[in-house]
Amino acid sequence: MSTKKQGLSSIGRKVLMALTGFFLMIFLLQHLSINMMSVVSADLFNNVSHFMGANPLVQGLLQPVLIFSVVFHFAWGMYLEYQNNQAREVKYAKYKGSANATWMSRNMIISGLAVLAFLCLHFYDFWIPEIALKYGEGDMSGLIQGTQEFRYHEELVHKFAHQPMRVALYIVAFIMLSLHLLHGFQSAFQSVGFNSNKYTPIIKKLGTAFAILVPLGFIFIALYHYNVHPH
Ligand code: HEM
């Protein structure tokens, strides 16, 4: 069997991981920006959330692409890990220097699984009640119904205010997200073949900044809503 062919297809597999990863990182920035508005002004947050929730382009195109990216990124990541494990068993004796790469990919799988577990909780918290309200009976327990269009801020506060367990779980998840991004950001650039003496060091620094600042922003939002609102 030709090793060249194997090499190419393995790069191809990584490109798909990187492309969905890029999309998810852009989503994270967008999600953080909108959530930050909940700290600045309840009205602004409600208006933007309502726009996102009602806009046909967001709902009909971006949301399906997002769901596809999350599912694909997870399933493909697991598949690549399985394939790496198979290959490692064969190659281990030859390439002992691969121990470091093994540790990195272990780290990605563990942090990735933690983020996935978080997403299950997160969907239970916000997304399922939202979908049920929009397309179903609209009367799920745990969902506060204010005036329909302006309930978003109220719901968000309700989830975090004086809820130490939920806030703690979210914070652990954001730290795992940070670990995932610390490797994932620059690795995605590598996988699409971006390699330059001039720009690669800048991308690595940018990746570190992104991986620390974005999860920190989410931590700030969770802590803010935990603390600021009286019962
Ligand atoms: C304090 C931090 C966060 C808050 C307060 C928050 C809040 C929300 C809210 C209110 C929604 C529902 C939007 C709707 O009305 O449909 C939502 C959806 C979602 N969140 Fe978060 N989120 C946080 C962090 C995160 C993180 C770190 C991730 C990813 C790792 C994430 C991924 C998602 C996804 C995939 C959706 C579904 C998007 C959609 O509506 O299509 N969230 N979040």
Side-chain angles (χ1 to χ4, degrees), residues 20-21 23-40 42 44-74 77 111-136 138 140 142-146 148-161 163 166-182 184-185 210-229:
T20 45
F23 184 80
L24 291 172
M25 289 192 286
I26 293 170
F27 163 75
L28 272 182
L29 268 186
Q30 177 261 177
H31 199 38
L32 179 65
S33 314
I34 295 181
N35 286 348
M36 275 294 174
M37 294 174 193
S38 71
V39 169
V40 179
L44 178 65
F45 179 70
N46 281 332
N47 285 329
V48 175
S49 300
H50 180 61
F51 170 81
M52 296 298 281
N55 186 288
L57 198 70
V58 175
Q59 294 298 307
L61 184 67
L62 285 184
Q63 183 155 295
V65 174
L66 175 64
I67 293 169
F68 171 81
S69 299
V70 171
V71 173
F72 185 91
H73 195 78
F74 165 70
S111 56
L113 282 174
V115 172
L116 189 77
F118 158 77
L119 277 179
C120 296
L121 170 68
H122 195 49
F123 277 22
Y124 172 79
D125 277 350
F126 289 109
W127 203 53
I128 293 176
E130 181 66 22
I131 295 292
L133 184 70
K134 263 198 214 147
Y135 304 109
M140 275 182 73
L143 179 72
I144 299 195
Q145 296 184 38
Q148 287 284 299
E149 288 168 32
F150 299 108
R151 65 187 182 277
Y152 301 94
H153 192 267
E154 202 184 340
E155 278 169 33
L156 200 157
V157 169
H158 176 70
K159 289 289 179 217
F160 289 106
Q163 300 281 344
R166 180 178 277 111
V167 171
L169 280 177
Y170 268 60
I171 290 177
V172 170
F174 299 151
I175 293 169
M176 297 309 270
L177 177 65
S178 177
L179 287 179
H180 200 72
L181 291 169
L182 269 173
F185 188 102
F210 187 93
I212 292 172
L213 292 178
V214 169
L216 255 187
F218 283 119
I219 290 177
F220 166 72
I221 291 161
L223 285 176
Y224 178 88
H225 290 296
Y226 172 69
N227 253 325
V228 162
H229 309 277

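Counting starts at 1 for both ligands and their atoms, in listed order.
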May I ask you to list the atoms of ligand 1 that are less than 4.0 angstrom from any heavy atom of [X]?
| X | result |
| --- | --- |
| Leu119 | 32 (C) |
| Phe160 | 5 (C) |
| Phe27 | 32 (C), 33 (C), 34 (C), 35 (C) |
| Leu66 | 38 (C), 41 (O) |
| Gln63 | 39 (C), 40 (O), 41 (O) |

When the ring centroid of Phe174 is compared with that of Phe118, is the distance short of 6.0 Å?
->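 Between Phe174 and Phe118, the centre distance is under 6.0 Å.
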Proximity of His225 and His153 rings by center, below 6.0 Å |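 They qualify: ring centres under 6.0 Å apart.
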Atom OG of Ser38 and atom OH of Tyr152: how far apart are they, to the nearest 0.5 Å?
->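 Those atoms lie 14.0 Å apart.
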Considering residues at least two apart in sequence or located in another chain, which fulfil the side-chain contact (heavy atoms from CB on, under 4.5 Å) criterion with Phe51?
->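 Result, side-chain contact (heavy atoms from CB on, under 4.5 Å) vs Phe51: Asn55.
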Contacts of type side-chain contact (heavy atoms from CB on, under 4.5 Å), residue Leu121, not counting sequence neighbours |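 Listed in chain order: Asp125, Leu169, Tyr170.
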Neighbour count above 12 (heavy atom, 6.0 Å) for Phe123 CZ =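 Correct, the count exceeds 12.
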Evaluate the ring planes of Phe126 and His122, with Trp represented by its six-membered ring, and classify them as parallel (under 30°), tilted (30 to 60°) or perpendicular (over 60°).
->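 Correct class here is perpendicular.
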What is the ring orientation for His31 with Phe218, classed by angle as parallel under 30°, tilted 30 to 60°, or perpendicular over 60°?
->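 Aromatic pair His31/Phe218 classed tilted.
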Apply side-chain contact (heavy atoms from CB on, under 4.5 Å) to the pair Val70 and Leu119, showing each step before the final yes or no.
-> CA-CA 10 Å; Val70 171; Leu119 277 179; 3.9 Å; yes
Check whether any protein heavy atom sits under 4.0 Å from atom 13 (C) of ligand 1.
->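 No; the ligand atom in question lacks any protein heavy-atom contact below 4.0 Å.
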Among all the protein's non-hydrogen atoms, which is closest to [atom], and how far away is it?
| atom | value |
| --- | --- |
| atom 27 (C) of ligand 1 | Phe174 CE2, 3.5 Å |
| atom 29 (C) of ligand 1 | Leu28 CD2, 3.7 Å |
| atom 28 (C) of ligand 1 | Phe118 CE2, 3.7 Å |
| atom 1 (C) of ligand 1 | Phe218 O, 3.4 Å |
| atom 36 (C) of ligand 1 | Phe123 CE1, 3.8 Å |

Touching ligand 1 at all, Leu24? Heavy atoms, strictly under 4.0 Å?
->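 Leu24 does not count as a contact of ligand 1 under the 4.0 Å cut-off.
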Closest non-hydrogen atom pair, His180 against His73 =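 Heavy atoms of His180 and His73 come nearest at NE2-NE2, 4.3 Å.
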How many protein N, O or S atoms sit closer than 2.8 Å to atom 21 (Fe) of ligand 1?
->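 That number is 2, waters not included.
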Mind checking side-chain hydrogen bond (donor to acceptor under 3.5 Å, both in side chains) for Ser178 and listing every partner two or more places apart, or none if nothing turns up?
->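 Checked Ser178 against side-chain hydrogen bond (donor to acceptor under 3.5 Å, both in side chains); zero matches.
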Chi angles and distances behind the ring-ring contact (aromatic ring centres under 6.0 Å, His included) call for Phe185, Phe210 = CA-CA 8 Å; Phe185 188 102; Phe210 187 93; 5.4 Å; yes
